[in-house]
Q: 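This is the structure I want to talk about, given as structure tokens.
Here the structure is a predicted model, which is why all the values come from computation and not from measurement. Along the sequence shown, the residues carry numbers beginning at 1.
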Amino acid sequence: MIFTGADKLKGKKTASFSLKDLKPFLWERFHPFNVKSFLILAGIIIPPVLLSGVLILAWMSTIKIKDVVTLNFNQQQLVLAQHAAGQIENSINILKRELSLLSFSPSIQYDEEVFMGKRMDIAFSSIKDEGGLEIRFVKNKDKKTIVANSRGYNLSNPSADDLYYLKQAGREENKGKISLSDVSAKNYKNSQKLIITMALSVWQISVDVTHPVAANKFSGVLLFIIDATALAGETTKNIISGNTGYAWVIDRNGTFLYHPEKWFIGKNAFEVRKAKKPAISFARINTIQREKMLKGMVGTSWYISGWHRGKEGEMKKLIAYAPIPLDNTADNRIWSVAVVAPISEVEGVIHEIQIRQFYLEGFTILTIFFGGLLIVSLMLVWSSSLQKEVKNKTSELIKSESQYKSLIEHANDIIFTVTHDGEIISMNHAGRTFFKRDDEEIVGDNIGEICFNEDSASLQLKAIDDVFKAARLSRQITYPVIISGNKYWLSTNFSALLDDKGEVFAVLGIARDFTERKKIEEQMSHTEKLASLGTLAAGVAHEINNPLTIILGFTDLLKEKVPAYSEYYEILKTIEKQGLNAKRVVENLLTFARFSEYKEENVDINMNLKEVLTIVGNTLSLNKVAIVEELSESLPIVKGDPRELQQVFLNIVNNAISAMKGGGTLTIAAKMIDEGGAVEIKISDTGSGIKKEYSTRIFDPLFTTKKVGEGTGLGLSVSYGIIAKYGGTITFETMTKEESSKTGTTFIITLPAVKAGNSQ
């Protein structure tokens with residue numbers, strides 16, 4: 001139906017008006033606004049409204065990005081803080097362990113001046129890298145003090161502190177307990193230092209040749225004098241968070257033990273900031289220190305400061321903190337380490353986006369009023385530009401996050417995170433290398449499954465559960481793991497990772513391989529035993545040898561006077577046989593005591609081993625033992641007495657034959673290691689293995705599991721002494737039927753090779 005303009009109200013039909021014209025007509029006729037004006041007004045209002053909405057959303061997105069980046073940044077700081085706390089706690093544990101080891105030395109307990117100084121010097125060399133300044137032993141007998149430090153070893157009169165610690169250590173309830181003093185500022189070698197004293201009472205509980213029976217008397221007190229600043233600063237001084245962030249440490253009284261601003265060290269953290277900037281309120285950081293850090297909590301926050309690395313002015317800083325527990329006493333003394341960085345480390349990443357956003361917004365709004373289509377075009381350009389900027393900045397943020405991940409990935413310690421059930425969430429490169437697994441293989445596995453040790457797995461899962469139950473708790477445990485059949489020792493610190501609600505969502509583990517330190521400690525223990533018992537053995541052998549010589553001599557004379565095959569002749573032969581057995585034991589004792597003539601020759605290990613196999617060949621056949629030789633050609637020459645080395649190999653081979661009741665396989669292998677610097681010999685059997693309870697005692701003199709008359713218990717002790725004499729090592733690996741279906745023991749001997757040109 002078509003209407004003309006004149007007939008619009010009359011409703012007459014014409015050929016020039018259609019229904020599509022009806023809506024604008026009615027709008028113009030009855031609406032208070034003119035359609036054109038309304039469209040213009042809408043064109044002016046709607047684009048800015050839409051633009052404002054877009055800008056608001058962009059601004060909210062920027063704020064969200066800032067919050068996420070801030071949270072991630074602080075979480076990275078928390079990882080650094082917990083790592084530093086774990087390292088410092090580990091150093092304190094090393095000091096405690098060294099103090100305990102020193103207290104067990106007979107030379108300390110019985111005031112043996114000949115050996116005491118050397119033993120204290122050895123201990124001091126072990127603790128000086130952990131901040132040790134000196135070792136003091138206050139003797140109860142004459143109230144004198146023995147001092148070992150970087151200047152050597154000397155005797156002095158006791159200080160007031162020495163007498164105080166001597167009095168406290170003499171109490172029965174303090175026996176065997178390590179006490180740790182608060183930090184105090186003292187003058188040491190003409191310089192002011194923050195000192196902590198670690199004390200342990202010494203009682204006569206060990207035995208040696210001079211004191212074969214423990215007297216159980218109070219001998220005195222051992223003191224480790226520790227530089228708290230060196231102890232805390234060794235780890236924290238190298239921490240850098242972002243570009244300019246740093247770490248500091250306070251004790252339980254709020255005293256700075258370490259801070260990049262040197263004059264802060266030794267000052268009270270609640271006072272020194274106010275003294276430097278009186279106009280700024282430090283209430284928030286004081287609350288964090290008092291209510292969080294000094295109560296042993298783990299967490300993140302922020303506070304207002306007045307400076308940062310030489311830059312003055314009020315600024316907001318991000319902080320992450322973690323506790324360093326010192327002991328398990330009722331006081332529960334705690335230090336705390338904090339990692340801080342200005343908020344500008346985060347804001348700088350987003351600042352450029354905000355600036356460009358404001359410029360584009362103003363320009364776009366002004367342009368909208370002068371052209372609708374141009375405004376839409378500019379909005380599209382702006383949106384595209386914004387996306388590009390966000391993409392670039394996101395890339396920069398990812399790069400920044402990658403830097404923090406790189407810090408974890410390139411750490412020498414094993415760093416990993418696990419769930420409450422022990423499922424591995426992540427593990428750094430050092431961990432994957434140690435456990436010899438790829439990232440895809442290890443992530444998702446249970447922490448207990450990669451240890452191959454049921455006791456170690458239970459210990460770790462218990463520590464993880466404890467941390468989940470108490471977020472502020474940090475657990476340090478030491479345990480063995482079996483990797484590719486080899487035994488290693490790990491010291492691991494477990495601490496909590498918290499979400500934005502303060503709840504534990506995972507546990508961070510930082511583990512250190514201290515297998516070599518464990519081996520050194522075991523070797524030192526064996527060496528001390530061998531030294532003490534060697535002197536005893538020499539005396540016993542000397543006292544027995546003389547009457548034995550007389551007995552055997554007179555027995556020989558009597559045999560000449562008694563008819564052969566008579567009853568008395570058989571009795572004399574029995575006396576002679578038992579006398580010769582006793583003489584063999586005496587000779588073993590003399591060998592153990594190293595009274596045999598010391599000779600060194602160039603030794604061909606392959607030839608030496610083949611001679612041993614020739615000697616025992618018949619014995620191997622009789623006992624149904626198959627021999628497998630894996631001797632590498634062109635082994636380097638070693639220095640030693642070939643007869644003594646053959647004695648070592650014979651002792652181990654004979655033990656292997658005894659372990660393979662009913663037959664088995666004996667494997668002897670020799671190869672070059674350390675690029676020709678040493679030779680490694682492995683002697684393996686398929687016997688029953690060494691029980692766990694015997695594994696720490698097999699090198700002890702006179703210890704044997706054989707029946708009476710089958711062994712003296714000196715074979716492995718003598719072997720240990722011979723190998724040690726030539727600068728080598730002897731260790732073993734074993735599996736019993738309780739541990740594996742494939743049982744047996746492998747003894748591993750290493751001997752230093754003769755350098756080229758020094759073979760004469």
Q: Not counting sequence neighbours, which residues clear side-chain contact (heavy atoms from CB on, under 4.5 Å) with Thr300? List them please.
A: Asn74, Leu78, Ala320

Q: How far does CG of Leu459 sit from CD1 of Ile464, to the nearest 0.5 angstrom?
A: 10.0 Å

Q: Testing the basics here: between Trp302 and Ile319, what is the closest heavy-atom pair and its distance to 0.1 Å?
A: N-CG2, 3.9 Å

Q: Would you say Val79 and Gln75 make side-chain contact, with heavy atoms under 4.5 Å?
A: no

Q: Could you work out, with side-chain contact (heavy atoms from CB on, under 4.5 Å) as the rule, every residue matching Asp438, not counting sequence neighbours?
A: Glu440, Glu441

Q: Any pair with a residue in residues 237-251 that passes salt bridge (Lys or Arg N to Asp or Glu O under 4.0 Å), sequence neighbours left out, goes on the list, sorted by first then second residue, please.
A: Glu234-Lys237

Q: Sequence neighbours excluded, which residues qualify as salt bridge (charged side-chain N to carboxylate O under 4.0 Å, His left out) partners of Lys193?
A: Asp227

Q: Hey, is NE2 on His420 packed in by over 12 heavy atoms from elsewhere, all under 6.0 Å?
A: yes

Q: When you measure from the side chain of Asp413 to the backbone of Ile510, do you find a donor-acceptor pair of N or O atoms at a distance under 3.5 Å?
A: no

Q: Closest approach of Val467 and Phe494, non-hydrogen atoms and distance?
A: CG2-O, 3.7 Å

Q: Evaluate the criterion side-chain contact (heavy atoms from CB on, under 4.5 Å) for residue pair Tyr303 and Ser305; output intermediate values, then yes/no.
A: CA-CA 7 Å; Tyr303 67 96; Ser305 179; 3.9 Å; yes

Q: Which pair of non-hydrogen atoms, one from Leu200 and one from Ser100, has the smallest distance, and what is that distance?
A: CD2-CA, 3.9 Å

Q: How far apart are the closest heavy atoms of Ala322 and Ala85, and which atoms are they?
A: CB-CB, 4.1 Å

Q: Which distance, rounded to the nearest 0.5 Å, do you find between the CG of Leu326 and the CG of Leu180?
A: 5.5 Å

Q: Roughly how far, to the nearest 0.5 Å, is CD of Gln76 from CG of Leu71?
A: 10.5 Å

Q: Would you give the length of the straight line joining atom CG of Leu194 to atom CG of Asp182, rounded to the nearest 0.5 angstrom?
A: 12.0 Å

Q: Can you name the residues that form a side-chain contact (heavy atoms from CB on, under 4.5 Å) with Lys267, not counting sequence neighbours?
A: Val272

Q: How are the rings of His259 and Trp248 set relative to one another: parallel (under 30°), tilted (30 to 60°) or perpendicular (over 60°)?
A: parallel

Q: Checking the side chain of His83 only, and the main-chain atoms of Ile415 only, is there a donor and an acceptor separated by less than 3.5 Å?
A: no

Q: Identify, with sequence neighbours excluded, every residue that meets side chain to side chain donor-acceptor pair (under 3.5 Å) alongside Asp445.
A: Arg437

Q: Restricting to side chain to side chain donor-acceptor pair (under 3.5 Å), what partner residues turn up for Thr417, sequence neighbours left out?
A: Ser426

Q: Applying side chain to side chain donor-acceptor pair (under 3.5 Å), can you list everything that pairs with Arg432, at least two apart in sequence or on another chain?
A: Glu409

Q: Locate the shortest heavy-atom distance separating Ala84 from Val337; write the atom from each residue and the value.
A: CB-CG2, 4.1 Å

Q: In chain order, what residues pass the side-chain contact (heavy atoms from CB on, under 4.5 Å) check against Asp129, with sequence neighbours excluded?
A: none

Q: Does Ile178 reach the side chain of Met198, with side-chain heavy atoms less than 4.5 Å apart?
A: yes

Q: Please assess Ile424 against Phe435 for the test side-chain contact (heavy atoms from CB on, under 4.5 Å), listing each intermediate value before the final yes or no.
A: CA-CA 13 Å; Ile424 298 173; Phe435 291 109; over 6 Å; no

Q: Keeping Asn268 on the side-chain end and Asn253 on the backbone end, is there a donor-acceptor pair under 3.5 Å?
A: yes

Q: Give a yes or no on whether the backbone of Ile195 and the side-chain of Tyr188 come within a donor-acceptor separation of less than 3.5 Å.
A: no

Q: Considering only distance and modelled atom types, tabulate donor-acceptor pairs under 3.5 Å from the side chains of residues 273-282, sequence neighbours left out.
A:
residue: Arg273; atom: NH1; partner: Ala269; partner atom: O; Å: 3.0
residue: Arg273; atom: NH1; partner: Gln289; partner atom: OE1; Å: 3.0
residue: Arg273; atom: NH2; partner: Gln289; partner atom: OE1; Å: 3.2
residue: Lys274; atom: NZ; partner: Pro278; partner atom: O; Å: 3.0
residue: Lys274; atom: NZ; partner: Ile280; partner atom: O; Å: 3.1
residue: Lys276; atom: NZ; partner: Glu261; partner atom: OE1; Å: 3.1
residue: Lys277; atom: NZ; partner: Glu312; partner atom: OE1; Å: 2.8
residue: Ser281; atom: OG; partner: Ala283; partner atom: N; Å: 3.4

Q: With sequence neighbours left out, what residues match Arg284 under side chain to side chain donor-acceptor pair (under 3.5 Å)?
A: Ser301

Q: Could you go through the side-chain contact (heavy atoms from CB on, under 4.5 Å) check for Ile92 and Leu231 one step at a time?
A: CA-CA 8 Å; Ile92 293 172; Leu231 177 63; 3.9 Å; yes

Q: Which pair of heavy atoms, one from Gly296 and one from Ile334, lies closest together, and at what distance?
A: CA-CD1, 3.6 Å

Q: Scan residues 415-431 for pairs that pass salt bridge (Lys or Arg N to Asp or Glu O under 4.0 Å), counting only residues two or more places apart or in two chains.
A: none

Q: Rounded to the nearest 0.5 Å, how far apart are CD of Glu271 and OG1 of Thr255?
A: 9.0 Å

Q: Determine whether the side chains of Asn93 and Gln476 contain a donor N or O and an acceptor N or O closer than 3.5 Å.
A: no

Q: Rounded to the nearest 0.5 Å, what separation is found between the CZ atom of Phe434 and the CD1 atom of Ile414?
A: 5.0 Å

Q: Would the distance check show the side chain of Arg309 and the main-chain N or O of Thr244 forming a donor-acceptor pair, the cut-off being under 3.5 Å?
A: yes

Q: For Trp307, does its backbone N or O pair with a side-chain atom of Lys317 as donor and acceptor, under 3.5 Å?
A: yes

Q: How about Phe416 and Ile442: do any of their side-chain heavy atoms sit closer than 4.5 Å?
A: no

Q: Apply side-chain contact (heavy atoms from CB on, under 4.5 Å) to Leu99 and Ile127, showing your working.
A: CA-CA 9 Å; Leu99 182 59; Ile127 70 168; over 6 Å; no

Q: If you define the side chain from C-beta out and look only at heavy atoms, does anything of Ser241 sit under 4.5 Å from Val340?
A: no

Q: For the backbone of Ala496 and the side chain of Gln82, can you confirm whether one donor and one acceptor N or O come within less than 3.5 Å of each other?
A: yes

Q: Just so I know, are the side chains of Ile447 and Leu461 near enough to count as touching, which here means a heavy-atom distance under 4.5 Å?
A: yes

Q: Would you say the side chain of Val298 lies within less than 4.5 Å of the side chain of Ser495, judging by non-hydrogen atoms?
A: no

Q: Any chance CG of Asn412 has more than 12 other-residue heavy atoms, nucleotides or ligands included, within less than 6.0 Å?
A: no

